[in-house]
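Hydrogens, waters and symmetry mates are skipped; everything else that's a heavy atom, side chains included, is used.
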Amino acid sequence: MKKGQMIEGIVQRVDFPNKGIVVSEEGTCVVKNALPGQKVKCSVNKVRKGKAEGRLLEVTEPSLLECKSPCPHFGICGGCTYLSLPYKEQLRIKEEQVKRLLDSVLCRQESYQFEGIKASPVCFGYRNKMEFSFGDEVKDGPLSLGMHKRGSFYDVVSVTDCQIVDEDYRKILRCVREYFASLQEQGVMVSFYHRLRHVGYLRHLLVRKAAKTGEILIALVTTTQIPGKCGKDVENVAEQTTKEPISEEQILDGMKRELLSLSLDGKIVGILHTKNDSVADVVRSDETDLLYGQDYFYEELLGLKFKISQFSFFQTNSRGAEVLYQTAREYIMDFIKTSAEAGSTVAEDRMSEEECVPTAGSVALGEKVQGKVVFDLYSGTGTIAQLMAPVAKKVIGVEIVEEAVEAAKKNTELNGLHNCKFIAGDVLKVLDTIEEKPDIIILDPPRDGIHPKALDKIIQYGVDHILYISCKPTSLVRDLEVFLERGYRVDRAVAVDQFPWTANVETCVLLSRKKSSGKSTKIEIEIDLNEADRRECIGTATYQEIKDYVWEHYQAKISHLYIAQIKKKCGLEVGENFNKPKTEGNKVPTCPPEKERMIREALEYFGMINKE
């Protein structure tokens with residue numbers, strides 16, 4: 001197979017997160033956005049070490065598994081992957097994806113218990129949070145508000161009939177888009193933020209709604225480039241109307257009135273205006289103003305109450321989160337029960353599943369586990385910490401988002417739990433400041449997994465049991481490799497579908513520390529240097545992992561050459577021919593400063609260089 005070659009084949013399977021394995025007469029090629037059983041045409045973009053990657057051109061024959069999608073935006077919008085498949089088939093695909101990834105690492109231990117996948121209690125309208133982007137669907141087209149078009153960083157599709165949110169979200173989206181579109185028609189300069197030129201006003205619309213309480217929090221995210229005035233936001237000032245200019249305050253007040261006039265199933269409890277001048281296409285706050293009500297809302301989960309703000313981490317599928325956390329609780333209580341039977345100072349056998357819901361002021365999981373200290377690392381708003389509090393001596397949560405930590409503290413007060421402590425900061429640094437030693441560690445890191453240096457500190461505690469909850473199984477298996485090398489084994493694992501119709505899936509894994517036999521054993525191992533070379537090993541991260549990091553955080557593409565140049569700058573080892581042109585006489589491009597900053601950040605994340 002050669003670069004640029006056109007091939008046609010059958011999609012044999014889909015690997016996580018969205019990699020269709022196409023088998024053709026010419027060989028095997030990996031393409032995105034394909035479904036099992038489809039016959040597709042694709043163009044080969046890259047061939048490296050016998051592996052080909054391509055771009056999907058056309059689906060020539062649909063899969064026999066496919067049915068009509070319930071969403072008119074499916075295939076155009078980049079949000080969903082499996083909407084044209086029956087839900088049971090989607091579950092099967094995700095289960096197989098997780099099992100393949102786990103087996104690729106866990107084949108080195110004797111055995112483990114894989115418990116398949118648990119379905120989401122609701123398939124449609126399940127999300128409790130959406131970040132919609134402002135833009136246009138085609139260049140210089142009308143204002144759109146919704147999700148990025150599949151395969152595009154710039155084009156935005158107005159997803160007015162999105163099926164993974166309920167009707168309240170759709171009404172709010174339509175209301176806000178139509179309001180600002182009408183202002184534009186009246187000559188008011190309220191353009192969306194152009195990601196290339198870094199000019200414009202409207203950036204994102206954040207909507208959060210509690211599944212149990214129905215409370216809704218809305219945040220309009222803009223730049224500080226005042227609309228309707230001269231400056232970066234306006235290219236053709238002469239095109240403005242001669243009417244009295246409208247102020248930003250009037251614009252925001254008009255949006256607030258439109259939103260509060262909507263007939264919704266839920267109740268709007270807060271409307272915020274968040275200012276963000278960051279170049280990166282992320283929702284963040286330089287400053288936030290309250291336009292209406294309050295800057296938080298309440299959600300209920302497994303009998304506990306949670307106060308959530310605009311940036312607080314909280315599982316995006318509330319009902320699915322109950323399944324996930326019930327599973328986590330079951331795993332923890334099972335090994336506590338096992339320890340009790342082995343004679344440890346643990347409470348009596350755990351109660352039945354119906355009695356396992358902890359509530360404020362009660363210990364529904366049995367008597368307290370005397371002397372047990374639980375670390376909940378990457379704790380968010382403290383959901384898992386509070387579920388563990390009734391059966392632990394003390395729970396310490398660590399979370400980098402200060403806003404989430406403050407919410408977690410208030411949540412423990414709401415629920416009458418007084419043995420929880422939450423610390424704001426990076427897990428890597430905070431662990432050095434905690435005097436207590438944990439008996440149990442619970443990990444629920446972000447998508448990128450655990451920083452290698454933080455992982456080392458976690459393992460050094462030497463606890464008997466670790467519960468790892470992951471929203472990205474590829475990051476999970478990377479960390480599991482380290483755990484296995486350092487004396488841990490996986491006992492149980494299960495996938496949980498928190499994100500129906502998308503390519504994402506949660507995984508819950510219980511690890512235990514291997515017991516030493518007391519005998520010293522010498523093991524001879526043989527290292528295949530050719531195999532090490534094939535992995536492009538560069539210390540703690542491969543070139544591909546660095547590229548993936550930059551893409552996930554900045555949606556920017558970087559080359560191996562740029563990575564090698566920055567590694568060389570940082571004093572890291574690179575190949576002898578890293579900066580030589582492919583053909584004699586050609587110039588070698590130099591990594592631009594913006595991409596250098598991104599690469600350095602990735603190198604810092606993977607612990608390859610110290611933070612400046």
Shortest non-hydrogen contact between [X] and [Y], atoms and distance:
X: Phe499; Y: Val505; result: CD1-N, 3.8 Å
X: Pro72; Y: Pro70; result: CD-O, 4.0 Å
X: Arg177; Y: Leu143; result: NH1-O, 2.8 Å
X: Cys77; Y: Met147; result: SG-CB, 3.6 Å
X: Val401; Y: Glu399; result: N-OE2, 3.1 Å
X: Phe306; Y: Thr383; result: CE2-CA, 3.6 Å

I'd like to know if the side chain of [X] and the backbone of [Y] have a donor-acceptor N/O pair within less than 3.5 Å.
X: Ser312; Y: Thr381; value: no
X: Asp295; Y: Leu290; value: no
X: Tyr179; Y: Ile251; value: yes
X: Lys557; Y: Lys547; value: no
X: Ser144; Y: Val156; value: yes
X: Asn411; Y: Lys307; value: yes
X: Ser158; Y: Thr160; value: no
X: Glu299; Y: Phe297; value: no
X: His73; Y: Asp161; value: yes
X: Ser261; Y: Glu258; value: yes

Scan side-chain atoms only and decide if [X] and [Y] contain a donor-acceptor pair under the 3.5 Å cut-off.
X: Gln310; Y: Thr274; result: yes
X: Gln386; Y: Asn415; result: yes
X: Thr222; Y: His273; result: yes
X: Ser247; Y: Gln250; result: yes
X: Asn128; Y: Ser318; result: yes
X: Gln565; Y: Lys569; result: no
X: Asp444; Y: Ser379; result: no
X: Tyr193; Y: His198; result: yes

Applying side chain to side chain donor-acceptor pair (under 3.5 Å), name anything that partners [X], two or more places apart in sequence or on another chain.
X: Asp479; result: Tyr468
X: Thr590; result: none
X: Lys19; result: none

Spatial distance of atom [atom1] ([X]) from atom [atom2] ([Y]) [nearest 0.5 Å]:
X: Lys275; Y: Thr288; atom1: NZ; atom2: OG1; value: 9.0 Å
X: Gln90; Y: Thr81; atom1: CD; atom2: OG1; value: 8.5 Å
X: Phe311; Y: Arg208; atom1: CZ; atom2: CZ; value: 9.5 Å
X: His204; Y: Ser133; atom1: NE2; atom2: OG; value: 3.5 Å
X: Ser84; Y: Leu35; atom1: OG; atom2: CG; value: 4.5 Å
X: Ile271; Y: Asp289; atom1: CD1; atom2: CG; value: 13.5 Å

Taking NZ, NE, NH1 and NH2 as the nitrogens, is one of them in [X] or [Y] under 4.0 Å from a carboxylate oxygen of the other?
X: Lys267; Y: Glu215; value: no
X: Glu596; Y: Arg600; value: yes
X: Lys429; Y: Asp426; value: no
X: Glu131; Y: Lys129; value: yes
X: Arg195; Y: Asp281; value: yes
X: Asp497; Y: Lys94; value: yes
X: Arg170; Y: Asp168; value: no

Going through the distances and angles, do Arg174 and Glu167 end up as a salt bridge (Lys or Arg N to Asp or Glu O under 4.0 Å)?
CA-CA 11 Å; Arg174 284 192 290 264; Glu167 184 59 25; 2.8 Å; yes

Flag if over 12 foreign heavy atoms under 6.0 Å of NZ, Lys212:
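Buried by this count: over 12 neighbours within 6.0 Å.
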
Lys409, NZ atom: more than 12 neighbouring heavy atoms under 6.0 Å
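Yes - once you tally the heavy atoms of other residues, nucleotides and ligands closer than 6.0 Å, there are more than 12.
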
For [X] and [Y], I'd like to know if the aromatic rings sit close, meaning centre-to-centre distance below 6.0 Å.
X: Phe74; Y: Trp501; answer: no
X: Tyr296; Y: Tyr298; answer: yes
X: His560; Y: Tyr562; answer: no
X: Tyr605; Y: Tyr549; answer: yes

Tell me, with the steps shown, if Cys570 and Leu603 meet side-chain contact (heavy atoms from CB on, under 4.5 Å).
CA-CA 9 Å; Cys570 296; Leu603 296 177; 4.3 Å; yes

Let me see the working for Leu324 and Gln498 under side-chain contact (heavy atoms from CB on, under 4.5 Å), right down to the final yes or no.
CA-CA 8 Å; Leu324 178 66; Gln498 280 277 82; 4.2 Å; yes

Any side-chain heavy-atom pair from Tyr325 and Gln315 closer than 4.5 angstrom?
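When only atoms from C-beta onward are counted, Gln315 and Tyr325 do touch, with a gap below 4.5 Å.
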
Test side-chain contact (heavy atoms from CB on, under 4.5 Å) on Gln294 and Leu217; report intermediate values, then the result.
CA-CA 8 Å; Gln294 59 202 34; Leu217 183 68; 5.8 Å; no

Could you please spell out the steps behind the salt bridge (Lys or Arg N to Asp or Glu O under 4.0 Å) verdict for Asp166 and Arg127?
CA-CA 8 Å; Asp166 68 21; Arg127 287 191 66 95; over 6 Å; no

List the steps, then state whether side-chain hydrogen bond (donor to acceptor under 3.5 Å, both in side chains) holds for Asn317 with Ser120.
CA-CA 8 Å; Asn317 180 349; Ser120 172; 3.0 Å; yes

Glu322 vs Arg319, salt bridge (Lys or Arg N to Asp or Glu O under 4.0 Å): CA-CA, chis, key distance, verdict
CA-CA 5 Å; Glu322 291 188 319; Arg319 292 185 175 89; over 6 Å; no

Take Ser43 and Asn45, measure what side-chain contact (heavy atoms from CB on, under 4.5 Å) needs, and give me the verdict at the end.
CA-CA 6 Å; Ser43 170; Asn45 292 341; 4.0 Å; yes

